[in-house]
Amino acid sequence: MGQKNNALCSCLSNPVIFADFINGSIHSGEKVVSPRQLSDRETVTCQKEGTGYLTPRKPRYVERRRDVLKAVFHDDCYIVIGIEAQDRVDYAMPALCMEYDVMEYKRQLKELKNNRKEKLPGEEFFSGMAKDEKLNPVTTIVFYHGKDPYDGCTYLHDMLDLNKENKTFKRYVSDYHANMITANDLDETKFETGMRELAGFLKRQADKTKLMGYFQENEERILKMDEETFDTVSILLHLPKKISRLRKSTEGDGTDMCRAIREWAADERNAKSAAKKSEKKLESRKVKSVLQA
């Protein structure tokens with residue numbers, strides 16, 4: 001996982017940010033999830049997958065790592081929500097999400113078995129769960145924060161060759177949907193924490209003019225940006241060197257971010273100006289060479 005994803009996942013692991021992300025992105029800002037309802041789920045799972053090919057007597061284990069995984073409790077039940085941060089398009093995402101969710105259901109089945117005090121009878125024993133037992137639902141949200149538009153599929157069926165003869169079996173082939181949320185989908189006004197600024201910057205990261213406009217319109221809030229959001233934005237916008245330098249002389253509050261963005265914008269303008277001058281000089285040389293010829 002790259003530095004950008006690491007920074008974003010660290011931010012989303014905060015229960016307050018996680019709850020705000022879920023509420024703002026899929027509940028239109030309604031306070032459905034609160035931080036106190038959250039409990040961390042182990043992000044690394046190891047499942048036994050039969051035996052190895054070369055060593056048939058030894059069991060083989062498969063390890064899977066989740067970016068962020070939490071359980072949202074409601075009285076005596078819960079739902080497991082995973083967030084996968086992506087800054088690049090992954091054309092296999094529906095299959096990966098399906099595998100992540102299946103691994104979590106397998107873990108719940110194992111937990112049922114380990115917590116059971118009495119042995120199950122008959123079909124229940126072979127099933128691994130009692131007839132009246134229920135698993136808790138699992139869902140994975142893919143948060144794409146890359147600059148380029150996401151052009152990958154979000155349904156498993158779109159990954160499969162279901163043309164010609166295969167088409168007759170389509171209704172018997174189960175589909176799977178990857179819950180995709182892109183930075184452009186977000187309405188920053190639906191968030192209450194640093195997710196508001198984070199979403200605002202991510203939505204405009206590919207357009208420097210819009211980014212500076214957002215900064216100017218929201219400078220008061222940006223001045224009050226918390227340290228965690230401050231660090232995340234600095235990584236996502238490629239500002240770590242400027243931030244590091246500015247923090248040597250200040251406390252590291254939102255003022256540093258404002259100064260860094262202004263300097264970064266000035267660097268961008270200077271770079272464009274230098275590029276234009278270089279192009280003009282090159283064109284001038286070409287004209288002179290043609291005339292001399």
Side-chain angles (χ1 to χ4, degrees), residues 1-14 16-33 66-68 81-97 100 139-156 158-159 176-219 221-222 225-226 228-240 257 260-261 264-265 268:
M1 188 162 58
Q3 188 71 0
K4 282 187 175 183
N5 279 349
N6 285 336
L8 187 57
C9 290
S10 176
C11 182
L12 289 170
S13 295
N14 183 323
V16 176
I17 302 294
F18 184 96
D20 194 35
F21 175 79
I22 297 300
N23 292 335
S25 62
I26 68 177
H27 293 300
S28 299
E30 184 180 352
K31 294 183 180 179
V32 175
V33 176
R66 306 298 306 270
D67 288 350
V68 183
I81 301 178
I83 300 177
E84 296 299 317
Q86 289 286 130
D87 61 350
R88 294 183 179 181
V89 177
D90 191 329
Y91 297 107
M93 188 53 69
L96 292 175
C97 288
Y100 286 144
T139 187
T140 296
I141 297 172
V142 180
F143 182 24
Y144 175 70
H145 56 97
K147 287 185 178 181
D148 299 324
Y150 195 91
D151 61 353
C153 56
T154 56
Y155 285 90
L156 180 64
D158 294 332
M159 290 178 57
Y176 207 86
H177 178 229
N179 301 301
M180 180 69 61
I181 294 176
T182 70
N184 289 333
D185 294 330
L186 301 178
D187 178 354
E188 61 267 24
T189 64
K190 302 296 184 182
F191 301 102
E192 296 183 345
T193 65
M195 267 305 305
R196 175 176 291 195
E197 284 68 50
L198 189 58
F201 282 121
L202 285 174
K203 286 176 65 173
R204 299 162 177 84
Q205 61 181 318
D207 190 319
K208 304 300 187 297
T209 302
K210 289 183 178 179
L211 188 62
M212 284 306 300
Y214 173 77
F215 162 68
Q216 291 168 357
E217 292 172 5
N218 299 274
E219 187 168 350
R221 274 187 63 92
I222 293 171
M225 187 184 297
D226 63 275
E228 190 168 31
T229 307
F230 181 96
D231 290 337
T232 306
V233 171
S234 69
I235 294 296
L236 295 176
L237 294 185
H238 299 289
L239 294 173
M257 176 60 75
I261 291 176
W264 172 69
E268 290 287 324

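Gln205 and Leu236 make their closest contact through OE1-O, 4.3 Å (heavy atoms, listed as atom of the first residue, atom of the second, distance). Nearest heavy atoms, Val33 versus Ala19: O-CB, 3.7 Å. In plain terms, the two heavy atoms of Asp226 and Gly194 that are nearest each other are OD1-CA, 3.9 Å. A pairwise comparison of heavy atoms in Cys11 and Ile17 identifies O-CB, 3.4 Å as the closest pair. When all heavy atoms are compared, the tightest approach of Val142 to Cys97 is CG2-SG, 3.6 Å. Residues Met159 and Pro94 share a closest heavy-atom pair of SD-CD, 3.6 Å.
In this structure Asp90 satisfies the side chain to side chain donor-acceptor pair (under 3.5 Å) test with no other residue, sequence neighbours excluded. Applying the side chain to side chain donor-acceptor pair (under 3.5 Å) test to Asp158 and every residue at least two apart in sequence or in another chain returns nothing. The ring-ring contact (aromatic ring centres under 6.0 Å, His included) check on Tyr155 picks up His177, with sequence neighbours excluded. Applying the side-chain contact (heavy atoms from CB on, under 4.5 Å) test to Thr139 and every residue at least two apart in sequence or in another chain returns Ile79, Ile81, Asn179. Residues that satisfy the side chain to side chain donor-acceptor pair (under 3.5 Å) test with Thr140, not counting sequence neighbours, are Arg66, Asp101. Residues meeting the ring-ring contact (aromatic ring centres under 6.0 Å, His included) test with Tyr144, sequence neighbours left out: Tyr150. Here Arg221 pairs with Glu197 under the salt bridge (charged side-chain N to carboxylate O under 4.0 Å, His left out) rule; sequence neighbours left out. In this view, Asp187 and Thr189 satisfy the side chain to side chain donor-acceptor pair (under 3.5 Å) rule, not counting sequence neighbours. Take Tyr214 and apply the ring-ring contact (aromatic ring centres under 6.0 Å, His included) test, not counting sequence neighbours, and it matches Phe201. Residues satisfying the salt bridge (charged side-chain N to carboxylate O under 4.0 Å, His left out) criterion with Lys203, sequence neighbours excluded, are Glu188.
Here CG of Leu12 is found 9.0 Å from CG of Asp67. Values are rounded to the nearest 0.5 Å. Interatomic distance, Leu237 CG to Arg204 CZ, rounded to the nearest 0.5 Å: 12.0 Å. The distance from the CD1 atom of Ile181 to the NE2 atom of His145 is 13.0 Å, given to the nearest 0.5 Å. Once rounded to the nearest 0.5 Å, the distance linking CG of Asp87 with CG of Leu8 reads 9.0 Å. Considering CZ of Phe21 and CG of Asn14, their distance stands at 14.0 Å, rounded to 0.5 Å. Between the CD atom in Glu84 and the CE atom in Met93 there is a gap of 7.0 Å [rounded to 0.5 Å].
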Review point. Could you walk me through whether Ile26 and Ile22 pass the side chain to side chain contact (heavy atoms under 4.5 Å, CB included) check?
Key: CA-CA 6 Å; Ile26 68 177; Ile22 297 300; 3.7 Å; yes

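You'll find the side chain of Leu186 reaches within 4.5 Å of the side chain of Phe191, heavy atoms only.
Listed by first and then second residue, the salt bridge (Lys or Arg N to Asp or Glu O under 4.0 Å) pairs that reach into residues 147-156 come to none, sequence neighbours excluded. Screening residues 18-32 for side-chain hydrogen bond (donor to acceptor under 3.5 Å, both in side chains), with sequence neighbours left out, gives Asp20-Thr193.
Under the 3.5 Å distance criterion, the side-chain polar atoms of Asp231 are left unmatched by any main-chain donor or acceptor of Glu228. Between the side chain of Asn5 and the backbone N or O of Ala85, at least one donor-acceptor pair lies under 3.5 Å. Ser10 places no side-chain N or O within 3.5 Å of a backbone atom of Asn6 that could act as its donor or acceptor partner.
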